[in-house]
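The next block holds one structure in the form of structure tokens; read it before the comments.
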Amino acid sequence: MQTYKIALLPGDGIGPEIAAEARKVLDALPSDVEFEWTEAPFGGTAYFETGKAFPEETQKVCDEADAILKGPIGLSKEESEKIPVYEQPERGALLPLRHRYDTFANYRPVYLPSALTSFSPLKQKVVGDGIDLLMIRELVGGLYFGPKEEGTDDQGRRFVREILEYDESQIARILHVAFQEARKRKGVLHNVHKGNVLISSVLWNQVLDEVASEYEDVEIKHVIVDAAATALCLNPNQFDVMVMENMFGDILSDLGGGLLGSLGLMPSACVGPDKSYYEPAHGSAPDIVGQGVANPYSMIGSVAMMLETSFGLSEESRMVWSALEQVFADGYATPDLANQGAGFKALSTSDFGDEVVKRLTAKPVTA
Ligand code: NAD
Ligand code: IPM
Ligand code: MN
């Protein structure tokens, strides 16, 4: 039997709560393949246990896995400040993970089917039949990974310098991904940039013109990032595939979660040349940790993305998506959404996972 090795990094805050539901769902999936899990510490909890946010043992587990499923990491400001700046979970674990596997292509779907439009804070006439767009974020370049310097100037003032770097190959490869996705969907690509100010965006746009010659069937629409934020709120359905550099993608994808009604609806795939990892787009939600109310959709959706992207199991992936949607369609949601949508019954994190499993394993009714 084909076996896939999964490194499970539950992470911090609500991470372990939603990771348990993701594992429960995958373990229940009717399939001809087998999944072998290895759990490893990662993030703030790993630092407190081992003195490292991304311990060597965890690196080894990830190196040996076919794919990595990661819960959110991050601590409250007070907890984080107990850790040296470069070992804090974001800088000490998450960015090194992205760098190690060169996971340059981050897929962040912003999706709300028509039956669930009441979750969105937007007016019904704006949401229409639902929201379905795909943000593609460059994940291993730009300000996040450029050289950094801190010091004191000759007048005794503290200063910092963080450099936004991209070379043309980094830009070209994410644009190829975006054009290919646009081609698979509606043939329209929105290029999000800040070419009126940043020369990094000027190079980005030049490379886009060059890469575009290979995709003449795809229509390109340019939009400046600040205007894109407004346009997303006023009329998200004018967008289908959007591509952008790292920092713009961080900010606009959280805006995407806002359009849907909760960050708990935001799964993601972080794809590299040889290995990919999957994680919710949101953080460790310290404000709701331990209450059993976190929405596990983002983590279970990340499993669905892993099945399709890393293992080529499209049918199994579709089954997970449809079980997830069916739970909502039957009127259940975790409190982040149940409190918004009309007539939804609130479920705990683990009850939501159980409902997904029930629908995934239900035998088709025969006459
Ligand atoms: P956050 O995304 O953790 O939370 C923002 C809001 O969304 C909170 O009100 C939270 O309760 C809610 N929320 C998020 N996920 C939810 C879910 N699944 N179900 C229900 N509600 C949910 O953002 P923050 O509070 O700014 O950040 C907390 C920590 O997470 C920080 O340390 C940050 O660096 C880290 N972070 C990590 C990742 C990651 O691991 N990829 C991503 C974003 C933030
Ligand atoms: C995300 C997060 C991360 C980012 C942080 C935690 C490093 O906000 O995945 O969106 O900024 O990329
Ligand atoms: Mn973010």
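Whatever order the structure lists ligands and atoms in, that order sets their numbers, starting from 1.
One N or O on the side chain of E87 and one on the backbone of A53 form a donor-acceptor pair closer than 3.5 Å. N237 contributes a side-chain N or O that, together with a main-chain N or O of V127, makes up a donor-acceptor pair within less than 3.5 Å.
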Between R98 and E279, does the salt bridge (Lys or Arg N to Asp or Glu O under 4.0 Å) criterion hold? Intermediate values first, please.
CA-CA 12 Å; R98 290 174 182 171; E279 66 175 351; 2.9 Å; yes

side-chain contact (heavy atoms from CB on, under 4.5 Å) between D132 and R185, intermediate numbers included
CA-CA 11 Å; D132 184 5; R185 289 171 54 116; 3.3 Å; yes

Can you list the steps and then say if Y278 with S310 is a side-chain hydrogen bond (donor to acceptor under 3.5 Å, both in side chains)?
CA-CA 10 Å; Y278 300 84; S310 279; 2.7 Å; yes

Checking side-chain contact (heavy atoms from CB on, under 4.5 Å) for the pair L116/F344: CA distance, chi angles, key distance, verdict?
CA-CA 10 Å; L116 307 182; F344 282 82; 4.1 Å; yes

Could you walk me through whether Q326 and D330 pass the side-chain hydrogen bond (donor to acceptor under 3.5 Å, both in side chains) check?
CA-CA 6 Å; Q326 199 54 49; D330 291 342; 3.1 Å; yes

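A 6.0 Å sphere centred on NE2 of H99 holds no more than 12 heavy atoms belonging to other residues, nucleotides or ligands.
A single hydrophobic cluster is not seen to contain both Y166 and I163; linkage of ILVMFWY side chains at heavy-atom distances under 4.5 Å, directly or through other members, places them apart.
Residues F248 and H193 place their aromatic rings such that the two centres sit no closer than 6.0 Å.
For ligand 1, residues of the protein lying within 4.0 angstrom by heavy-atom distance are I14, K70, P72, I73, G74, L75, E90, L94, L263, G264, E279, A281, H282, G283, S284, A285, P286, D287, I288, A294, N295, D336.
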What does the contact table look like for ligand 2 (nitrogen or oxygen on each side, cut-off under 3.5 Å)?
| unit_1 | atom_1 | unit_2 | atom_2 | d |
| --- | --- | --- | --- | --- |
| ligand 2 | 8 (O) | D250 | OD1 | 3.2 |
| ligand 2 | 9 (O) | R98 | NH2 | 2.8 |
| ligand 2 | 9 (O) | R108 | NH2 | 2.9 |
| ligand 2 | 10 (O) | R108 | NH1 | 3.0 |
| ligand 2 | 10 (O) | R108 | NH2 | 3.2 |
| ligand 2 | 10 (O) | R137 | NH1 | 3.3 |
| ligand 2 | 10 (O) | D250 | OD1 | 2.9 |
| ligand 2 | 11 (O) | Y144 | OH | 2.5 |
| ligand 2 | 11 (O) | D250 | OD1 | 3.4 |
| ligand 2 | 12 (O) | R98 | NH1 | 2.7 |
| ligand 2 | 12 (O) | R137 | NH1 | 3.3 |
| ligand 2 | 12 (O) | R137 | NH2 | 2.7 |

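Atoms of the protein (N, O or S only) found under 2.8 Å from the Mn ion (ligand 3) are D250 OD1.
Ring geometry, F328 versus Y297: the interplanar angle falls from 30° to 60°, so the pair is classed tilted.
With sequence neighbours excluded, no residue satisfies ring pair (Phe, Tyr, Trp, His ring centres under 6.0 Å) with F145.
Heavy atoms only, all atoms of each residue included: P72 and S284 are closest at CB-N, 3.6 Å.
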